[in-house]
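Single-structure report; data block below.
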2 protein chains.
Amino acid sequence: MVRRRKNPEERRREIVAAAARLAGKTGLGSISLRSVAQEAGVAPGLVNHYFPAVEQLVAEAFAQLGGDDLRDHFATIRKESAPVQQMRIYLRSALAEQPDSMRLLAVEAYYLARYHPLLSDALTVLVDAWDSEMAHLIDEGTRNGAFRSDDPMKSAIHIFALIDAFALQAVALSHARLGIVREMTIQATERELGLAKGSLQLDVA
Amino acid sequence: MVRRRKNPEERRREIVAAAARLAGKTGLGSISLRSVAQEAGVAPGLVNHYFPAVEQLVAEAFAQLGGDDLRDHFATIRKESAPVQQMRIYLRSALAEQPDSMRLLAVEAYYLARYHPLLSDALTVLVDAWDSEMAHLIDEGTRNGAFRSDDPMKSAIHIFALIDAFALQAVALSHARLGIVREMTIQATERELGLAKGSLQLDVA
DNA sequence: CTCCTTATTGGTCATATGGACAATAAGGAG
DNA sequence: CTCCTTATTGTCCATATGACCAATAAGGAG
């Protein structure tokens, strides 16, 4: 095997990136010493060298994917200037019929978190980040006059709880239920933000 | 090893029961040929004899646990006669701080369902059963005049989506968030059933 | 140019998994 | 009481996992 000696930080990043790529395709469960080593094009022992415990690698890969996903979403949201439109854009992607890979990953992470302290921490950090970004958005909208919310953070948590519920259903259950939960989420969000019924209807441009 | 030859149906039930016991304690992931064989006090090969694929056993164990849990809950609920009190009783157990084993199992099942067709089917059956039992309860309450709901099934699905969201959080996240989601679920349920704010407050006897 | 740190490799171990199979004996049928 | 079906056992195999470790060589320091 051709050996190429790299800067440790860089190699470490490469390994995390490889693990994240795998998880994005086939879930956190597909992260193993050997699979990651192959994906990164290095020997399995090297993965072990940087991550004495695979647990750590799983947690970092999840944090990586989650962070990227969060940034992507808010970059898209921020392209809109009107708060109502921002919220509509977000709901449209969060309530899409077929779950994107991050949503599947999140459900997996919720489940694994029970046996996996490091992943649990990463999940907490990610959820907190979403909460505060969303609270910030709601706060802006409220000052702007577009929304009405006494407690933006509370509103954010409320909205995410509903979206989580949708995600859970979307992973496993029927389309009929999905439709009902989607409607419910939209209406509850409108109510939470003091919007008129129908303001967040997704099919409206 | 002492060999005792039993009626096939009985032995099969024993094996499912052993698997269910394991899953109740340590999750569906702890069901394996060997662990179940040990729990049931038989040779691993016998488990294989009754369940050529472990997948089937996992699905049946989950169905067993889920069915028992459903029956238990509604047996308790039915002890109350007043619909509002029935609903309060149910919410109190569903929104309890520490998740009971069935709740953890459900989250696991939602996740595993993606890779596990038989478990997915079992989950669908269970969810449908909950929906229709709850819809029935709501329907009774509506005829009785205690509730007000245009579409009991839709109301049931709405309520369960919120409870699922709570369960998801309860498995992994902080108490602060839990409290917010609990309040939200109670208020949304009151609204869904046409009840006055506070009617379902859990600390009310 | 030489040396030495350490990134990197490849191989080994212990463990757990699902699955298949031949041998055995329990216990009901006749 | 005898026979025969099949429930039951113990064993074996292929595979995948995490983890450990000695040997090697890349590439910067001096």
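Every chain is numbered from 1 and lettered A, B, ... according to where its sequence line falls, protein lines coming before strand lines. None of the values given here were measured: they were computed from a predicted structure.
- An OP1 or OP2 oxygen of D:dT8 is reached within less than 4.0 angstrom by a side-chain nitrogen or oxygen of B:Arg11.
- Sorted by first and then second residue, the ring-ring contact (aromatic ring centres under 6.0 Å, His included) pairs involving residues 98-134 of chain B (not counting sequence neighbours) are A:Tyr111-B:Tyr111, B:His73-B:Trp130, B:Phe74-B:Trp130, B:Tyr90-B:Trp130, B:Tyr111-B:Tyr115, B:Trp130-B:Phe160.
- Look at CG on B:Asn7: it is 15 Å from C1' on D:dT5, rounded to the nearest Å.
- Identified under the salt bridge (charged side-chain N to carboxylate O under 4.0 Å, His left out) test for residues 58-77 of chain A, with sequence neighbours left out: A:Arg12-A:Glu60, A:Asp68-A:Arg71.
- For A:Thr142, there are no side-chain hydrogen bond (donor to acceptor under 3.5 Å, both in side chains) partners, not counting sequence neighbours.
- Atom pair B:Gln38:CD and C:dG18:P shows a separation of 14 Å (rounding to whole Å applied).
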- Note on the structure: Applying the Watson-Crick and G-U criteria (both distances under 3.5 angstrom) with [ ] for crossing and | for other-strand pairs, one obtains for DNA chain D ||||||||||||||||||||||||||||||

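- Looking only at atom types and distance, the side chain of A:Glu190 has no donor-acceptor partner in the side chain of A:Ser199 under 3.5 Å away.
- An OP1 or OP2 oxygen of C:dT8 is reached within less than 4.0 angstrom by no side-chain nitrogen or oxygen of A:His49.
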- Message: What does the B/S/- profile of nucleotides 19-30 of chain D look like, 5' to 3', with a 4.0 Å heavy-atom cutoff to protein?
- Response: B----BBBS---

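- Residue B:Asp150 places its CG atom among 12 or fewer non-hydrogen atoms of other residues, nucleotides or ligands, all under 6.0 Å distant.
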Solution key, residues 165-177 of chain A side-chain donor-acceptor pairs under 3.5 Å, sequence neighbours excluded:
unit_1: A:Gln169; atom_1: OE1; unit_2: A:Arg177; atom_2: NE; d: 2.9
unit_1: A:Gln169; atom_1: OE1; unit_2: A:Arg177; atom_2: NH2; d: 3.4
unit_1: A:Gln169; atom_1: NE2; unit_2: B:Asp164; atom_2: OD2; d: 3.1
unit_1: A:Ser174; atom_1: OG; unit_2: A:Arg177; atom_2: N; d: 3.4
unit_1: A:His175; atom_1: ND1; unit_2: A:Glu97; atom_2: OE2; d: 2.4
unit_1: A:Arg177; atom_1: NH1; unit_2: B:Asp131; atom_2: OD1; d: 2.9
unit_1: A:Arg177; atom_1: NH1; unit_2: B:Asp131; atom_2: OD2; d: 2.3

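- Counting to the nearest Å, the C1' atom of C:dA20 and the CG atom of B:Leu46 are 15 Å from each other.
- Contact annotation: B:Tyr50 side-chain N/O to D:dT8 OP1/OP2 distance is under 4.0 Å.
- Between A:Glu108 and B:Arg114 there is no salt bridge, since no side-chain N of the basic residue sits under 4.0 Å from a carboxylate O of the acidic one.
- Counting non-hydrogen atoms of other residues, nucleotides and ligands closer than 6.0 Å to CZ of A:Arg191 gives a total above 12.
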